[in-house]
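Taking it in order: structure first as structure tokens, then the write-up.
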Amino acid sequence: MSDQIKFIVEKLNQEPFKKNYNLITFDSLESMQLLQLLSDVLGEIDPKHAVDIREEMPEQTAKRMLSLLGILKYKPPGSISDLSAFRQGLVTGSKPVIHPVLHWLLQRTNELKKRAYLARFLVKLEVPAEFLQDDTVAETNKQYEELMEAFKNLHKECEQLKTSGFSTAEIRRDISAMEEEKDQLIKRVERLKKRVETVQNHQRMLEIARQLRLEKEREESLAQQKQEQKNQLFHAEQRLQRVQLQLKEMHHAVVDSKPESLMKKLEEEIKFNSYLATEKIPRELESKKKSLYFLQKVVTEPAMSQSDLNVLEIKINEVNAQINQLIEKRMMKYEPIDSKFSMYRQQASIISRKKEAKAEELQAAKEEMSNTERQMLQKTNQARELEGSEVLKGDEFKHYVNKLRSKNTYYKKKRLEIAEITAEYGILQRTEELLKQRHEAIQQQLQAIEDKKGISGYSYTQEELERVSAVKSEMDEMKGRTLDSMSEMVKKLNTMVADKKSSLAPVIKELRQLRQKCQELTQECDEKKVQYDSCAAGLESNRSALEQEVKGLLEECIQEESNYHYINCMKRNIEVQLQRAKEEMKTYVSSDPQERRKAIREQYTRMILEQENLGKKLREKQKVVRESHGPNMKQVKMWQDFEQLMECKSECFLKQQNQTAIGQVIQEGGKDRLVL
């Protein structure tokens with residue numbers, strides 16, 4: 001745990017974090033600070049997650065971090081196997097949860113950056129099957145998948161270009177060379193312009209040359225259009241021939257066939273399709289789902305070591321032994337009474353296997369026929385689109401193939417020679433570097449030995465000795481002892497150098513053997529790497545092929561299921577109609593009048609009579625109403641006039657009553673005045 005924390009602190013103190021933590025300060029961080037630190041690390045991997053956790057809810061923070069960790073394929077350690085506990089620890093900022101996550105993220109930051117970048121474009125959106133029934137949604141989803149595949153191919157090409165060894169210096173040199181060529185061409189054009197200006201009518205000649213160039217370009221475009229129109233005409237003729245052939249086949253089928261044979265053929269096709277839809281395809285789909293489930297399980301599992309594989313092999317052997325024991329027990333308990341049933345079971349299994357084999361053969365034959373027809377059309381189109389519109393045949397084609405083979409062998413041979421020369425150049429370059437290093441090391445050792453022995457500057461001393469030897473006749477007596485001592489030192493040094501050479505000889509020999517062995521191992525490593533790359537590419541292609549196959553089978557299964565349900569519903573409707581027709585015929589032919597009255601024909605006849613009688617009554621009633629319409633309208637008008645007259649009389653009566661009441665009041669008022 002301490003090593004883990006040390007690694008985390010060391011990585012956080014480096015670029016691009018620069019946190020300046022130590023073990024004590026990092027261990028004393030609070031839960032919110034740990035969560036913010038984890039969010040910063042995730043933001044370095046994916047810039048979308050560089051947010052301040054104080055500005056969002058804890059559930060949103062946990063959901064965001066869990067989604068990114070799921071994309072990065074992080075697996076909690078064994079002590080946190082429960083996802084709810086891991087989620088709770090991530091929400092609360094628990095150290096036992098945060099520290100392993102930080103350690104795992106900081107170990108493989110560059111790899112996780114690449115994975116997060118790819119996940120932005122390669123995490124597929126799951127569209128429900130019922131939405132895919134819409135043509136627009138299905139077309140959009142198809143375009144989305146095609147764009148995803150195109151992105152995969154482009155990313156692979158980009159990675160290959162990055163690892164292909166193209167040097168920027170070489171590209172710069174090429175660009176500079178192209179610029180120089182461009183300058184030379186510009187100068188050449190200027191010289192030609194100056195030379196042309198001296199010619200008479202140069203403008204007219206330039207105009208004629210320009211028109212000639214335009215006419216040539218127009219001629220090329222017209223030739224291209226002519227070729228395209230020829231291709232279109234050829235395709236239209238082919239399409240017409242195919243349609244005519246289909247029309248002839250349909251005419252022959254209609255002329256030579258009878259309704260019974262057509263019904264029989266349709267019944268056979270329905271039986272075959274129902275067998276495929278109800279038995280074969282669901283079984284194959286189930287097996288594909290199981291294999292896909294196991295493959296997904298294997299992909300999600302962490303990388304397994306050799307010990308894990310050995311443990312699995314031991315478990316498999318134990319399970320196989322248990323299965324064998326159970327089979328033996330079953331065979332011991334086998335009773336002869338069940339022999340007939342077993343015989344029938346065997347016959348049924350043999351028939352079912354034969355049926356499956358024949359169905360597979362039929363389906364394979366249909367697919368092969370369709371593929372062959374499609375390939376034939378493609379080949380004919382390609383042969384037609386090629387320039388010259390002639391296909392090599394016979395000896396010409398053999399000669400062309402032999403020529404290609406010879407060129408291929410020559411190319412491979414030259415490629416191997418280039419690879420050998422490149423490898424030898426690398427070895428020689430490395431040998432030169434090693435020899436230079438050894439020379440410098442030996443010089444340093446010699447200098448150290450001279451310093452150790454007290455004779456530093458031996459080469460300088462040797463030059464001094466040569467100079468002194470020229471005048472040794474004058475100083476022989478004075479320097480005799482010194483020369484003797486120095487000669488002894490020289491002898492000692494020579495012996496030491498010889499000893500060093502003898503001691504270094506086996507080391508050099510061993511170094512040569514190790515160098516040869518290193519070369520062999522490097523070559524073997526390259527071969528293994530090539531094998532690994534080819535195997536990985538094959539597995540990837542197999543996986544993509546399986547995915548496409550599973551997708552196609554799912555679509556085909558859905559289509560067949562819908563066809564089956566549609567045919568089944570139509571069949572039920574027809575059966576119900578036939579049953580009703582039989583019952584109607586039975587009741588109509590029956591001698592019992594009560595039964596005949598129950599027939600639909602009798603019921604409809606009665607209903608028709610009733611409706612006819614009702615129509616007669618209504619027509620008579622309409623006639624009576626039409627005859628009495630005029631007098632009735634006059635009577636209505638008279639009643640309306642009478643009603644208006646009565647209303648006028650009522651109003652007049654009310655006005656008269658009001659006037660009499662007012663007169664009485666006035667008379668009573670006059671009488672009172674007289675009394676007073």
Side-chain angles (χ1 to χ4, degrees), residues 126-142 145 242-243 245-292 347-374 546-588 600:
E126 295 296 335
V127 182
E130 56 269 17
F131 292 160
L132 290 175
Q133 300 297 326
D134 189 1
D135 295 337
T136 306
V137 178
E139 185 67 23
T140 307
N141 189 35
K142 186 179 179 181
E145 292 176 354
R242 288 197 301 271
V243 172
L245 184 61
Q246 291 177 0
L247 184 61
K248 287 181 181 179
E249 291 177 355
M250 291 177 71
H251 278 306
H252 286 304
V254 170
V255 171
D256 297 335
S257 62
K258 296 180 180 179
E260 292 81 3
S261 61
L262 289 174
M263 288 295 293
K264 188 175 181 181
K265 187 177 179 181
L266 288 173
E267 287 177 357
E268 290 177 356
E269 289 182 359
I270 289 169
K271 286 180 181 178
F272 177 70
N273 291 329
S274 62
Y275 167 72
L276 290 178
T278 56
E279 296 181 12
K280 188 174 182 298
I281 292 175
R283 188 163 55 248
E284 291 180 355
L285 185 62
E286 189 66 26
S287 64
K288 294 291 183 183
K289 284 182 179 178
K290 287 182 181 179
S291 60
L292 181 62
Q347 290 178 357
S349 63
I350 291 168
I351 291 168
S352 63
R353 283 197 296 272
K354 286 183 178 179
K355 188 176 180 182
E356 291 177 359
K358 292 299 179 183
E360 290 177 357
E361 288 177 1
L362 180 59
Q363 194 170 2
K366 288 183 178 179
E367 291 177 356
E368 186 177 0
M369 185 175 69
S370 61
N371 291 329
T372 307
E373 291 177 353
R374 187 165 57 251
L546 284 174
E547 288 179 354
Q548 294 294 330
E549 187 177 357
V550 169
K551 190 183 294 182
L553 288 173
L554 283 172
E555 294 176 356
E556 188 177 354
C557 180
I558 292 168
Q559 186 66 28
E560 293 296 334
E561 187 176 356
S562 63
N563 291 334
Y564 167 73
H565 287 303
Y566 175 73
I567 292 169
N568 197 8
C569 292
M570 293 294 292
K571 182 181 175 183
R572 289 181 181 175
N573 290 332
I574 291 169
E575 288 177 354
V576 170
Q577 290 177 3
L578 288 173
Q579 186 66 27
R580 289 178 65 186
K582 287 179 182 179
E583 291 177 356
E584 177 67 19
M585 195 69 187
K586 185 177 178 181
T587 53
Y588 183 71
I600 297 174

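Excluded from the calculations below are hydrogen atoms, water molecules and symmetry mates; all remaining heavy atoms, backbone and side chain alike, are included.
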Restricting to side-chain contact (heavy atoms from CB on, under 4.5 Å), what partner residues turn up for L285, sequence neighbours left out?
K289, L554, C557
Any chance you could measure L553, atom CG, to I558, atom CD1, to the nearest 0.5 Å?
11.0 Å
side-chain contact (heavy atoms from CB on, under 4.5 Å) partners for I270, two or more places apart
none
Applying salt bridge (Lys or Arg N to Asp or Glu O under 4.0 Å) to E267 and not counting sequence neighbours gives none
Qualifying residues under side-chain contact (heavy atoms from CB on, under 4.5 Å), relative to T372, sequence neighbours excluded:
E368
Residues in side-chain contact (heavy atoms from CB on, under 4.5 Å) contact with K290, at least two apart in sequence or another chain:
E286, F294
Interatomic spacing from CD in Q577 to CD in E575 - rounded to 0.5 Å
11.0 Å
Listed partners of R283 passing side-chain hydrogen bond (donor to acceptor under 3.5 Å, both in side chains), at least two apart:
E356
Within residues 548-574 or reaching into it, pairs that qualify as side-chain hydrogen bond (donor to acceptor under 3.5 Å, both in side chains) - sequence neighbours excluded:
E145-K551
Counterpart residues, salt bridge (Lys or Arg N to Asp or Glu O under 4.0 Å), relative to E583 (two or more places apart):
none
Atom pair OG1 (T136) and CG (N141), whose distance is rounded to the nearest 0.5 Å
12.5 Å
